[in-house]
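One structure is given here, and the rest of the page talks about it.
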Amino acid sequence: MKIDFWQLSRDPVEKVVALIAQRVMDGGERLLVVSGDLEQREAISRGLWKSGPEHFLANGEASDPGAELQPILLADTLDRANGASHVVFADGAYRDPAGFERAFLLFDEDTKQAARRTWSELDSVTGLERSYFEQVDGRWVKKR
């Protein structure tokens with residue numbers, strides 16, 4: 001399993017989620033976006049629908065009818081009704097991503113210390129590949 005830590009600095013979370021979502025969709029996979037904040041999920045949903053004229057990213061809430069059909073599902077729990085292989089923790093709160101191929105933990109200044117603790121706690125997990133990404137001059141650069 002891979003876990004990517006993405007430190008938010010310049011771009012808002014909805015723009016970063018759209019970037020990740022596009023990559024996941026390009027790979028033919030499905031995505032679950034988890035946030036305990038309903039307003040944040042609504043902002044992410046709007047950002048996905050407006051991500052580009054030729055690449056709007058269809059999405060829906062896990063509580064809505066037809067959730068299992070959504071390529072991108074937004075939820076407050078790890079309920080992957082759509083069979084997602086990838087998960088984004090958009091609110092900076094890490095959850096155990098067991099069963100997913102890849103997880104993305106997005107964090108900002110407010111959640112930076114928790115992300116550092118999570119990174120350290122995952123040191124002893126075998127079979128886990130961790131990466132850390134930072135935005136430099138508008139581009140995402142792998143630092144670790």
Side-chain angles (χ1 to χ4, degrees), residues 1-62 67-144:
M1 166 186 285
K2 293 179 75 171
I3 299 180
D4 293 345
F5 290 69
W6 288 46
Q7 184 171 356
L8 303 176
S9 57
R10 188 188 86 167
D11 291 339
V13 68
E14 56 270 18
K15 185 172 182 178
V16 177
V17 169
L19 173 71
I20 292 170
Q22 185 62 60
R23 291 179 182 175
V24 170
M25 298 295 102
D26 287 348
E29 302 291 338
R30 288 181 171 222
L31 179 67
L32 175 66
V33 179
V34 180
S35 174
D37 182 343
L38 177 60
E39 289 181 20
Q40 184 181 54
R41 290 195 314 272
E42 289 171 346
I44 290 168
S45 179
R46 286 189 303 274
L48 291 168
W49 282 110
K50 297 177 183 177
S51 65
E54 52 208 45
H55 291 111
F56 74 91
L57 298 166
N59 67 89
E61 276 284 332
E68 69 281 357
L69 303 173
Q70 294 293 346
I72 303 169
L73 195 60
L74 295 102
D76 61 352
T77 66
L78 284 171
D79 173 15
R80 59 179 177 162
N82 67 342
S85 58
H86 293 61
V87 61
V88 173
F89 302 123
D91 59 5
Y94 181 78
R95 296 128 173 117
D96 181 8
F100 289 92
E101 292 176 25
R102 191 168 186 177
F104 301 85
L105 176 63
L106 309 184
F107 65 96
D108 59 15
E109 274 306 309
D110 294 338
T111 55
K112 186 177 190 175
Q113 291 307 317
R116 284 184 175 165
R117 280 192 302 277
T118 298
W119 180 277
S120 295
E121 290 168 2
L122 295 174
D123 272 342
S124 61
V125 178
T126 54
L128 180 69
E129 181 184 331
R130 293 173 299 168
S131 300
Y132 165 68
F133 293 85
E134 185 178 328
Q135 206 167 22
V136 178
D137 297 327
R139 294 180 324 125
W140 286 96
V141 178
K142 183 176 180 179
K143 295 291 191 165
R144 278 188 179 176

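Residue numbers count from 1 along this sequence.
Listed by chain and number, the residues in a ring pair (Phe, Tyr, Trp, His ring centres under 6.0 Å) with F89 are Y94 (sequence neighbours excluded). Here E121 pairs with R117 under the side chain to side chain contact (heavy atoms under 4.5 Å, CB included) rule; sequence neighbours left out. Residues satisfying the side-chain hydrogen bond (donor to acceptor under 3.5 Å, both in side chains) criterion with D108, sequence neighbours excluded, are T111. Applying the side-chain hydrogen bond (donor to acceptor under 3.5 Å, both in side chains) test to R80 and every residue at least two apart in sequence or in another chain returns nothing. Take R95 and apply the side-chain hydrogen bond (donor to acceptor under 3.5 Å, both in side chains) test, not counting sequence neighbours, and it matches D91. With sequence neighbours left out, T118 forms a side-chain hydrogen bond (donor to acceptor under 3.5 Å, both in side chains) with no residue at all. Looking at residues two or more places apart in sequence or on another chain, you find a side chain to side chain contact (heavy atoms under 4.5 Å, CB included) between L128 and M1, I3, L122, V125, R130. For K143, the side chain to side chain contact (heavy atoms under 4.5 Å, CB included) criterion is met by Y132, E134, V136, V141, not counting sequence neighbours.
Between D76 and L38, every side-chain heavy-atom pair lies at or beyond the 4.5 Å cut-off. Contact check for D4 versus R102: side-chain heavy atoms found under the 4.5 Å cut-off.
Between the CZ atom in F5 and the NZ atom in K112 there is a gap of 14.0 Å [rounded to 0.5 Å]. Rounded to the nearest 0.5 Å, atoms CG (L48) and CD1 (I72) are 5.0 Å apart. In this structure, the separation between NZ on K2 and CD on E101 is 11.0 Å, given to the nearest 0.5 Å.
The two atoms that bring V87 and P97 nearest to each other are CG1-CB, 4.1 Å, heavy atoms only. Counting all heavy atoms, side chain and backbone alike, Q70 lies closest to R30 at O-NH1, 3.2 Å. Here the shortest heavy-atom pairing between H86 and F104 reads CD2-CE1, 4.0 Å. Residues W119 and R144 share a closest heavy-atom pair of NE1-NH1, 3.1 Å. Contact between I44 and A90 at its shortest, heavy atoms only, is CD1-CB, 3.6 Å. Across all non-hydrogen atoms, the minimal contact from A115 to F107 is CB-CG, 3.6 Å.
By the 30° and 60° cut-offs, the orientation of the rings of W6 relative to F133 is tilted.
Applying the side chain to side chain donor-acceptor pair (under 3.5 Å) test to pairs two or more places apart or on separate chains, those with a residue in residues 31-43 are S35-Q40, R41-E61.
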Validation: residues 8-20 side-chain donor-acceptor distances under 3.5 Å, sequence neighbours left out:
from: D11; atom 1: OD2; to: Q135; atom 2: NE2; distance (Å): 2.6

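Between V24 and the options V88, L57, L32, L31, a side-chain contact (heavy atoms from CB on, under 4.5 Å) holds for only L31.
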